[in-house]
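Residue numbers begin at 1 in each chain, while the letters A, B, ... track the order of the sequences.
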Amino acid sequence: MTGRVQAVRGMNDLLPETVDTWQGVERSAREVFGQYGYREIRFPLVEKTELYARSIGEATDIVEKEMYSFQDRNGESLTLRPEGTAGCVRAGIENGLFYNQVQRLWYAGPMFRHERPQKGRYRQFHQIGVEAYGMPGPDIDIELILLTARLWRVLGLKGLRLDLNSLGTPESRAGYRSALIDYLSMRRHELDEDSLRRLSTNPLRVLDSKNPSLRDVIEQAPELPAFLDEESRTHFAAVQSCLADAGVKFVVNPRLVRGLDYYNRTVFEWTSDRLGAQAAVCAGGRYDGLVQQLGGDDVPAVGFAIGMERLVELLRVDGEAADAHPRLHAYMVTADPSATCSAIRLAEELRGRSLRVLLHCGGGSLKSQLRRADRSGAHCAILVSKEMPVAVKMLATGTQTEMERSAVGDYLQLHCSDHGS
RNA sequence: GUGGCUGUAGCUCAGUCGGUAGAGUCCCGGAUUGUGAUUCCGGUUGUCGCGGGUUCGAGCCCCGUCAGCCACCCCA
């Protein structure tokens with residue numbers, strides 16, 4: 001046991017039992033995305049560091065202190081992706097996906113951020129993301145939100161809360177930002193340490209402060225909606241009325257600010273009160289300027305990402321959707337070692353008929369082999385011996401039937417369905 | 001990055017005042033002369049996270065370190 005190597009902090013193993021749930025979620029997501037006409041895109045886990053610096057924002061925590069960056073052998077700085085949008089945009093530009101066309105894309109996979117691990121927050125975590133390009137109107141914003149609502153329904157998830165806000169155009173957001181800085185600077189002697197720091201890094205975040213003594217300052221602060229330009233205002237109004245029309249409940253939250261610099265106009269966030277401090281299961285918004293900022297045409301875009309670990313945690317608590325792995329049809333045991341070749345041949349025949357057959361390996365008494373058969377969860381055990389015909393024993397009832405090996409396949413298909421007993 | 005709590009068998013945990021470590025579970029074997037769930041009997045589980053210090057003696061006290069959990073912060 002000495003010198004044993006541990007996993008990297010905040011990077012977890014997913015054991016088979018958990019993977020069953022993950023696969024169930026992934027399958028549901030794939031199905032729902034397909035219903036809306038979205039197609040999967042895959043892009044690298046590693047990109048040039050510059051890509052993230054230019055898209056997420058130089059002054060954000062992610063870029064400043066959370067990226068896994070390293071020097072490639074040629075001296076170039078590379079980074080393990082901390083989120084998916086930047087890579088997706090880069091891939092789209094590079095492959096001409098945005099040239100005079102609309103794209104509906106999704107992706108899934110691991111992301112990396114060097115944060116202090118806690119519940120719902122890991123250094124390697126997984127996101128499922130959806131991105132839509134080339135559509136400037138509120139209709140596509142609504143489509144994305146309806147898509148998420150449908151996914152929750154399919155998964156059997158209830159009690160999530162949807163918060164909505166509009167950040168306006170970069171210009172109106174900048175106008176608000178400077179008005180807020182002016183106001184907060186005026187009352188800076190009332191701010192706590194955290195808020196003073198945020199004042200210079202991300203002033204909109206000050207409004208999120210949980211410090212009760214700042215309540216007064218925050219309540220009297222200028223509000224973002226007042227700074228919205230006319231177009232953003234109508235856009236946001238359309239999003240709201242259409243969502244209400246579609247029967248989706250939401251709360252307009254003027255303090256909702258996404259952390260990444262590229263967001264504008266509609267932003268939204270689904271949260272749960274059962275996840276502790278990391279409550280956001282799914283969040284996203286519009287990022288109309290990003291494609292151009294990364295060297296592409298002026299292509300409008302909207303997207304969101306789902307935190308897999310958080311979603312799975314919610315399903316573990318109250319979900320119904322856990323997708324059990326399919327049961328084995330048969331666990332095959334041998335009454336004596338000389339029957340091994342014959343058992344292997346029969347197992348292969350059965351697998352050729354799409355049956356799931358586990359062949360006992362490693363010997364042992366018949367008793368111990370049958371015990372393993374029982375614990376494997378298989379519907380039945382198949383006993384193969386050298387001389388006698390094959391015996392099929394139903395493990396739930398204990399009834400045992402002898403038959404020629406050519407009859408086993410039909411017998412299993414008849415008696416070992418996943419739905420019946 | 002900051003703070004609080006916690007690290008004992010594969011898993012869940014007990015371990016009193018400092019005197020060289022225990023239960024349940026799991027696994028293996030037997031009762032059952034080749035036939036699995038229960039029952040009964042027997043058996044293996046360990047650098048007490050790691051390193052140092054105090055002590056005649058440390059799982060227990062002290063320091064450091066690593067890891068986990070929760071919160072701050074940040075975000076999916």
Next item on the list: Have a look at B/G68 and give me syn or anti from its glycosidic angle (syn if within 90° of zero).
Entry: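 Judged by the O4'-C1' to base torsion, B/G68 sits in anti, the angle falling more than 90° away from 0.
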Next item on the list: Evaluate the side-chain proximity of A/Thr340 to A/Val384: yes if any heavy-atom separation is below 4.5 Å, no if none is.
Entry: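 No, their side chains stay 4.5 Å or more apart.
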Using the [atom1] atom as the point on both nucleotides, what is the distance between [M] and [N], in whole Å?
{"N": "B/G24", "M": "B/U8", "atom1": "C1'", "answer": "15 Å"}
{"N": "B/U65", "M": "B/G1", "atom1": "P", "answer": "12 Å"}
{"N": "B/C56", "M": "B/A23", "atom1": "P", "answer": "33 Å"}
{"N": "B/G49", "M": "B/U38", "atom1": "C1'", "answer": "39 Å"}
{"N": "B/G3", "M": "B/U45", "atom1": "P", "answer": "42 Å"}
{"N": "B/G36", "M": "B/G30", "atom1": "P", "answer": "11 Å"}

Next item on the list: Only pairs at least two apart or in different chains count here, so list each side-chain hydrogen bond (donor to acceptor under 3.5 Å, both in side chains) that has a residue in residues 190-200 of chain A.
Entry: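 Those involving residues 190-200 of chain A are A/Arg187-A/Glu190, A/Asp192-A/Ser195, A/Asp192-A/Asn211, A/Asp194-A/Arg197.
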Check: [X] side chain, [Y] main-chain N or O, donor-acceptor pair, under 3.5 Å:
{"X": "A/Tyr183", "Y": "A/Val217", "value": "yes"}
{"X": "A/Arg39", "Y": "A/Trp106", "value": "no"}
{"X": "A/Tyr52", "Y": "A/Met67", "value": "no"}
{"X": "A/Arg316", "Y": "A/Thr21", "value": "no"}

Shorter than 3.5 Å, N or O on both sides, protein versus nucleotides 38-43 of chain B: list them out with atom names.
none

Next item on the list: Summarise how protein sits on nucleotides 68-76 of chain B as a single string, 5' to 3': B when a protein heavy atom is under 4.0 Å from the base, S for sugar-phosphate-only contact, - for no contact.
Entry: S-SBBBBBB
Does any nucleotide pair with [N] by Watson-Crick or G-U wobble geometry, both distances under 3.5 Å, and what is it?
{"N": "B/G29", "answer": "B/C41"}
{"N": "B/C17", "answer": "none"}
{"N": "B/G34", "answer": "none"}
{"N": "B/A58", "answer": "none"}
{"N": "B/G64", "answer": "B/C50"}
{"N": "B/G1", "answer": "B/C72"}

Check: So with a 6.0 Å cut-off around CD of A/Glu50, is the heavy-atom count from everything else above 12?
Finding: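 No, because the 6.0 Å sphere around CD of A/Glu50 holds 12 heavy atoms or fewer from other groups.
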Margin query: Tell me if the side-chain of A/Gln369 makes a donor-acceptor pair with the base of B/U35, cut-off 3.5 Å, by modelled atom types.
Written below: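 In this structure, the two groups form no donor-acceptor pair.
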Margin query: Using only modelled atom types and a 3.5 angstrom limit, is any donor from either the side chain of A/Lys393 or the base of B/U35 paired with an acceptor on the other?
Written below: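 Check passes, donor-acceptor contact within cut-off.
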Check: Is the A/His360 ring parallel, tilted or perpendicular to the A/Tyr331 ring (thresholds 30°, 60°)?
Finding: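 Plane angle between 30° and 60°, so tilted.
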Notebook entry, point to check: Tell me: CG of A/Leu366 to P of B/U32, nearest whole Å?
Noted result: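 It is 17 Å, rounded to the nearest whole Å.
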Notebook entry, point to check: How many Å lie between CD on A/Gln6 and C1' on B/C50, as a whole number?
Noted result: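 In whole Å, B/C50 C1' lies 9 Å from A/Gln6 CD.
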Note to self: Go through it in stages, so that I can follow the logic: the residues are A/Thr79 and A/Tyr68, the test is side chain to side chain donor-acceptor pair (under 3.5 Å), and I'd like the CA-CA distance, side-chain angles, deciding distance and then a yes or no.
What the structure shows: CA-CA 6 Å; A/Thr79 295; A/Tyr68 278 93; over 6 Å; no
Next item on the list: Check whether any side-chain N or O of A/Arg372 sits under 4.0 Å from OP1 or OP2 of B/C28, and answer yes or no.
Entry: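 It does, given that an N or O in the side chain of A/Arg372 lies less than 4.0 Å from OP1 or OP2 of B/C28.
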